[in-house]
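The structure's right below; bear with me while I get my questions together.
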Amino acid sequence: MNPSRQYLVGKQRDYQRRLNGFKARWVQNSEKMTVIDSCQSHLDDIECMLNVKCKKIYKKTFTIWHLFHRIDEYFFLLMNEAELKANGWELLQGLKISPVTQQAKTEWIVKLQEMLKKLDVPNPSPRDVSEAAQLFSSAAYIHNDCVDNLFWDYWCRKFFSLIYTIGLLAALIIFVFLYYHTNFLLCSFTAALLGAMGGLLSGIMTTQIESIPYGQFWVSIFYHSMVRPIQGAIAAVIFFWMLQSQYMIKIDPPLSPGKVVFTGSSTCRIEMPAVMSPRSGPAVFRNMSNPKQDPLLVLKAAPGMQLYLYMLVLLIAGFSGDKVLRYVSDKVSGRLFAEAEKTKEAK
């Protein structure tokens, strides 16, 4: 049912054929046969993990690729002079385009080029051949390990994007239900919901690397899955409170809190009194700001259409939750320090 695993099956068959050739060549060499036995053990494990009927070892794709790469490195120890030249040149070309750091790539390329020059001479010494095999095996390990880490990071990002997408769909269902089937209130709950949606959308669209350390899977999964929506919700609630108090940011004309913006059975987009019990209703905010102190940012909205601007601002606040929280804390701290300095001068 998984077409991508067909490549692994073909690779396992190819490696088994190559290993059989090495086994026939070095059957009288005990040292080489030890390496061949290690390769055969890896191939047996790979075959078991690829087998649908296998119950002992489950199918683990990352483990299969790890074992394939280890066999790649062992094969260098079983090659003759001609095979080392050809595969060494192939390794050199692969290393030039590999994701290894530039400094390490440059150093390894120089070493491989020097070793290939030693193999180009007629009848290279056994010592040079053995040294070339060890060097190529180590270079292959550096390259393969970097590729394994790269694919792990790529998988982690796709996995988190899937989690964020599922969370965003759940939040959208709640939002659509509130939008069409209940009285939509402009309150802290709806602000937190919009902020959580913005945080989840940020996780899907941004290219921030979120990788899981080896051996710590579930802790990282739960942390990264919750931190973005919670962070976005907090940022949106803070922005909502700032909008309602007209502190540093203002939407003109503002909407009164605790009002039904629209009902689920009507397409009206005007403010209407909310009918609710005192316990279930949101607290009524009063604008106690100093009228002489103008906000830093004033956003204009068409009369009756302020709701869409509110939702847009709260969604953007959730989208850039960490930056918003840092910006708000810096601004609040700076203004508090400035007011403290003015009070000190007045005294």
Side-chain angles (χ1 to χ4, degrees), residues 154-210 212 218 220-244 249 251 254-272 274-276 280-283 285 299 301-302 304-325 327-328:
Y154 179 78
W155 179 86
C156 290
R157 274 180 276 180
K158 291 299 181 182
F159 184 61
F160 279 122
S161 296
L162 177 62
I163 293 176
Y164 295 145
T165 302
I166 295 174
L168 182 60
L169 288 176
L172 280 174
I173 292 173
I174 298 175
F175 180 79
V176 170
F177 177 80
L178 295 176
Y179 193 92
Y180 287 105
H181 299 285
T182 61
N183 295 333
F184 193 90
L185 298 176
L186 185 65
C187 59
S188 299
F189 173 76
T190 53
L193 179 61
L194 288 169
M197 292 170 58
L200 293 169
L201 189 63
S202 174
I204 297 172
M205 298 181 61
T206 57
T207 57
Q208 180 181 355
I209 297 177
E210 292 177 341
I212 304 175
W218 292 111
S220 301
I221 287 294
F222 288 130
Y223 171 77
H224 288 293
S225 301
M226 293 187 296
V227 67
R228 277 189 180 273
I230 292 176
Q231 193 170 245
I234 293 175
V237 170
I238 291 176
F239 248 67
F240 177 71
W241 290 343
M242 292 171 61
L243 287 171
Q244 293 305 105
I249 184 171
I251 291 181
L255 286 178
S256 301
K259 299 287 184 178
V260 177
V261 183
F262 59 86
T263 63
S265 59
S266 173
T267 58
C268 181
R269 298 294 184 268
I270 60 176
E271 299 182 31
M272 296 181 291
V275 180
M276 62 187 75
S280 61
F285 296 94
L299 304 176
M305 299 297 172
Q306 304 98 308
L307 170 67
Y308 300 104
L309 187 55
Y310 269 87
M311 291 193 296
L312 178 61
V313 171
L314 296 176
L315 192 66
I316 294 175
F319 187 88
S320 53
D322 56 339
K323 296 180 181 179
V324 168
L325 293 176
Y327 172 80
V328 171

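What you see below is based on every heavy atom in this structure, not just the backbone, and it leaves out hydrogens, waters and symmetry mates.
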(request) Can you see which heavy atom on Ser188 is nearest to which on Phe240, and at what distance? (result)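 Taking every non-hydrogen atom into account, N-CE2, 3.8 Å.
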(message) Let me confirm one number: the CG-CG distance from Leu193 to Leu172, rounded to the nearest 0.5 Å.
(response)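 The CG atom of Leu172 is 8.5 Å from CG of Leu193, to the nearest 0.5 Å.
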(message) Keeping Thr165 on the side-chain end and Ser161 on the backbone end, is there a donor-acceptor pair under 3.5 Å?
(response)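 Yes; at least one donor-acceptor contact below 3.5 Å.
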(request) Answer whether the closest heavy-atom distance between the side chains of Phe175 and Thr190 falls below 4.5 Å. (result)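 Sidechains of Thr190 and Phe175: no contact.
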(request) Please round to the nearest 0.5 Å and tell me the distance separating atom CE of Met242 and atom CZ of Phe239. (result)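 Spacing of CE (Met242) from CZ (Phe239) equals 5.5 Å.
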(request) With rounding to the nearest 0.5 Å, note down the distance linking CH2 in Trp155 to CG in Leu162. (result)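 These two atoms lie 10.0 Å from each other.
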(message) Any heavy-atom pair between the side chains of Tyr310 and Leu194 that's under 4.5 Å?
(response)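 No; the side chains remain at least 4.5 Å from each other.
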(request) Going by the side chain to side chain contact (heavy atoms under 4.5 Å, CB included) test, name the single residue among Ile163, Leu200, Ile173 that passes it with Leu168. (result)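 Checked Ile163, Leu200, Ile173 against Leu168; only one passes side chain to side chain contact (heavy atoms under 4.5 Å, CB included): Leu200.
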(request) For the residue pair Met197 and Leu201, establish whether any side-chain heavy-atom pair is separated by less than 4.5 Å. (result)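 Met197 vs Leu201: side chains apart.
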(message) If I compare all heavy atoms of Ser202 with all of Arg228, which pair ends up nearest, and what's the gap?
(response)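 That closest heavy-atom pairing would be OG-NH1, 3.1 Å.
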(message) How close do Tyr164 and His224 get, counting heavy atoms only, and between which atoms?
(response)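 Nearest heavy atoms, Tyr164 then His224: OH-O, 3.1 Å.
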(message) Give me the atom names and distance for the closest heavy-atom approach of Ala192 to Ala233.
(response)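 Looking at all heavy atoms of both residues, the shortest contact is O-CB, 3.4 Å.
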(request) Could you tell me whether the side chain of Phe319 reaches within less than 4.5 Å of the side chain of Met205, counting heavy atoms only? (result)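 Heavy-atom side-chain distance check passes, below 4.5 Å.
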(message) Nearest 0.5 angstrom please: Phe159 CZ to Tyr154 OH, how far?
(response)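 Result: 15.0 Å between the selected atoms.
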(request) Please report the shortest heavy-atom distance between Ala235 and Ala317, naming the atom on each side. (result)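 Here Ala235 and Ala317 meet closest at CB-O, 3.6 Å.
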